[in-house]
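Values reported hereafter were calculated over all heavy atoms of this structure, with side chains retained and with hydrogens, waters and symmetry mates removed.
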Amino acid sequence: MCGIVGYIGVKEATPVLLKGLKKLEYRGYDSAGIAVLGAGGLEVCKSKGALNKLEEKVSALSAQASQTGGASKKPFGGTLGIGHTRWATHGEPSDINSHPHTDISGKIAVVHNGIIENHRKLKEWLAGRGVVFRSETDTEVIAHLINYYYAGELLVAVQAALKRLEGSYALGIICENDRDHIIAVRKESPLVIGRGGGENLIASDVPALLEYTRDVYYLDDREIAVLSKDKVEFYNEEGERVQKTLSHVDWDAGAAEKGGYEHFMLKEINEQPKALTDTLRPRIIPAGGTGAMASSRSVNLAEIGFDKSWAEARRVVLCACGTAWHAAMVGKYAFEYFARIPSDAEIASEYRYRNPIFNPSDIFIIISQSGETADTLAALRLAKKNGGRVIAITNVLGSTLAREADLVMYTWAGPEIAVASTKAFTTQLMCVYLIALQFGLLRGNLDQAGLDHYIEALEKIPTQAEAVLKSKETIQRFASLCFNKSKVFFIGRLFDYAVSLESALKLKEISYTHSEAFAAGELKHGPIALADESTLVTALCTQEALFDKMDSNIKEVKARGASTVVITYDDVHHFDESADTVFRIPRTPDCFTPMLSVIPCQLYAYYCSVLRGNDPDKPRNLAKSVTVE
Ligand code: AGP
């Protein structure tokens, strides 16, 4: 979604803003712009398309001015400014619709992430007061409203304007008459404040701040921050001062860089062994002591308050969107498998509009890489309102999900920049497996020996993931032979079906191939009508008890001309006859295979994307974090 940056300090703001916007490119955008308070007043430059177009436009304007004017008039030379990458919602991508938007006086500039739901009503109201609108955006009303209420105090005008806004927003606001402040506001769209020495910043996400500071404040909903170069003050919506705690971001700046890889996605696929280790290791307590003092190994889930009271739970509801929903599906099977407890995997964007049945003893597990997905947050709020115990699994410290859930389990995957989620998915799986195992022990469905066996298997997963990654050249070669297939299906049952869904999503989102996943048993109920010579069918076959069933399905599509790929264990030859190609993964208990079998599919999607000439990190029409409905 849109990206916001803002800078106030002693440096020239323009390079800081442009660099910051670069760091937010991963969020997805179609146009960009900056507004800087320079010697000549408020200067705005906006451009449809990639950031380099904006950079070129800014340099051209600067060059023009240096030929005609003196250095004191250097355009975009001020030390206070805001910038924005726009992902069009209201109005097509164009220079005019790009942010920042200014008011009629041209003195107030606003950047916005979110949607102003009552913008039509406000537009009519403002038009009735003589305002002529220049863009088709919902954002422009904000600049005009602030101007309407402005009587010399920017903060007062912003507070008055906010009272009129309905919807979601993160805002950065500057005003030519107030050269000492940036005002930042947040309601349901993320915004972080970076606290530097003699300079302060705002950004939609931490990577844009890391070059300048690792000390951040996470704005809460309906809070306002007033930044000057030496301090930041916070206010609640009643206008009262609020004290906030400074958080320190531990990741080094390199974590959000490509580190020699051609794309973030490839880097993140390769980081999975480490991410899995980092997610698993701190939660395993090794066996210790001897004799009467001996203790068995166990899973430490103190962070989510896992204790005997969980035994009262009658149902687990896992809720998420996209890839995280696929992790929820694996979670559902894992809870049934290990804990024999009824479990549901809900699509958050559906769940929030249903009239779901709540039980006070239900446990809600809400999963989100970003912790900012609007639909997922709405599902969380619904569950909380109905008294559910809400546990968040998220990758982003200080995210809205982390702050609003009762308790949080972090996936220690490190920053995930590529739009296509990879390491977040496998670490989400690691988290749900750990909870399901511990739940199994508590409910008596698993004994200590069983737990030991599964923990041992989990501990091998990072090394096994490493082994799967070693086969990347085989997958690259395979992709080079069939990257232009027009129809790609993934089939599987249970755990393998969840991976099929994830694999089809990965392929469609970055390679734009029409790919679908089917529960293998459903083929005969319709989808097999699509199978012909142009079809590639990838069958996920990692559950021993279902090998024969899967083999029949593979033969059925093959008989209709489809090419077939099978993903199975490295010691299985069950599919040698039916499969045209086999990708192999190391042995692990069948229920854990999703953490390994998804890797060849991620790599396949990545290579198809590159071979089709796409940028896998920035797929068309998609944003990393969907902060609006
Ligand atoms: C993943 O590849 C997708 N880009 C998308 O489905 C994503 O998983 C979904 O939008 C949910 O995001 P979240 O995990 O940040 O909530």
Side-chain angles (χ1 to χ4, degrees), residues 25-31 48-53 85 87-88 93 258 260-272 322-323 326 416-425 468-469 471-491 499-518 527 530-540 557 561-567 580-583 597-624 626:
E25 269 190 308
Y26 73 90
R27 297 169 70 82
Y29 72 105
D30 46 53
S31 49
K48 179 184 161 184
L51 268 175
N52 59 343
K53 291 236 173 85
T85 44
W87 196 80
K258 282 190 208 155
Y261 285 93
E262 205 179 329
H263 296 102
F264 280 112
M265 183 178 174
L266 189 58
K267 176 182 177 236
E268 288 160 10
I269 291 173
N270 280 284
E271 282 171 346
Q272 289 179 106
T323 288
H326 301 148
E416 190 180 69
I417 306 291
V419 166
S421 190
T422 52
K423 60 179 180 172
F425 176 68
V468 180
L469 285 166
S471 64
K472 59 175 167 277
E473 267 138 42
T474 318
I475 291 159
Q476 185 173 16
R477 220 170 306 120
F478 177 75
S480 70
L481 299 175
C482 55
F483 68 92
N484 52 4
K485 280 275 181 194
S486 57
K487 268 190 284 177
V488 179
F489 300 152
F490 292 84
I491 58 170
V499 176
S500 301
L501 284 165
E502 172 57 8
S503 306
L505 174 68
K506 221 70 316 159
L507 189 62
K508 65 172 78 115
E509 72 179 329
I510 57 169
S511 79
Y512 319 143
T513 306
H514 186 184
S515 55
E516 296 298 339
F518 301 113
L530 296 171
D532 60 20
E533 293 76 15
S534 69
T535 320
L536 174 67
V537 177
T538 299
L540 279 293
V557 291
S563 327
T564 57
V565 181
V566 163
I567 299 180
D580 296 322
T581 308
V582 182
F583 295 145
S597 61
V598 76
I599 297 175
C601 302
Q602 295 168 340
L603 286 166
Y604 176 65
Y606 170 79
Y607 288 119
C608 285
S609 169
V610 173
L611 287 158
R612 282 177 164 230
N614 305 338
D615 180 347
D617 287 343
K618 288 177 236 142
R620 69 184 182 202
N621 308 336
L622 293 179
K624 177 66 180 161
V626 185

Which donor-acceptor pairs under 3.5 Å do side chains of residues 476-484 form with protein atoms, sequence neighbours excluded?
from	atom 1	to	atom 2	distance (Å)
S480	OG	R477	O	2.6

How long is the straight-line distance from [atom2] of [Y] back to [atom1] of [X], given to the nearest 0.5 Å?
X	Y	atom1	atom2	value
I510	R620	CD1	CZ	12.5 Å
L505	H326	CG	NE2	5.5 Å
F489	L536	CZ	CG	10.0 Å
T323	F425	OG1	CZ	7.0 Å
T474	F583	OG1	CZ	7.5 Å
L469	L266	CG	CG	9.0 Å

Check T422 against Q272 and note the closest heavy-atom contact, atom names and distance.
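Closest approach of T422 to Q272, heavy atoms only: O-OE1, 3.3 Å.
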
Considering all heavy atoms, the nearest A562-V537 contact:
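Nearest pair, atom of A562 first, then V537: CB-CG2, 4.0 Å.
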
Is there a donor in the side chain of [X] and an acceptor in the side chain of [Y], or the other way round, less than 3.5 Å apart?
X	Y	answer
E25	Y29	yes
K485	S515	no
S421	E416	yes

Which residues satisfy the side-chain contact (heavy atoms from CB on, under 4.5 Å) test with P527, sequence neighbours excluded?
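Residues passing side-chain contact (heavy atoms from CB on, under 4.5 Å) with P527: F518, L523.
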
Mind checking what makes side-chain hydrogen bond (donor to acceptor under 3.5 Å, both in side chains) contact with S511, not counting sequence neighbours?
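S511: side-chain hydrogen bond (donor to acceptor under 3.5 Å, both in side chains) contacts with T513.
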
Take I567 and T538 through the side chain to side chain contact (heavy atoms under 4.5 Å, CB included) test and state the conclusion after the steps.
CA-CA 7 Å; I567 299 180; T538 299; 4.0 Å; yes

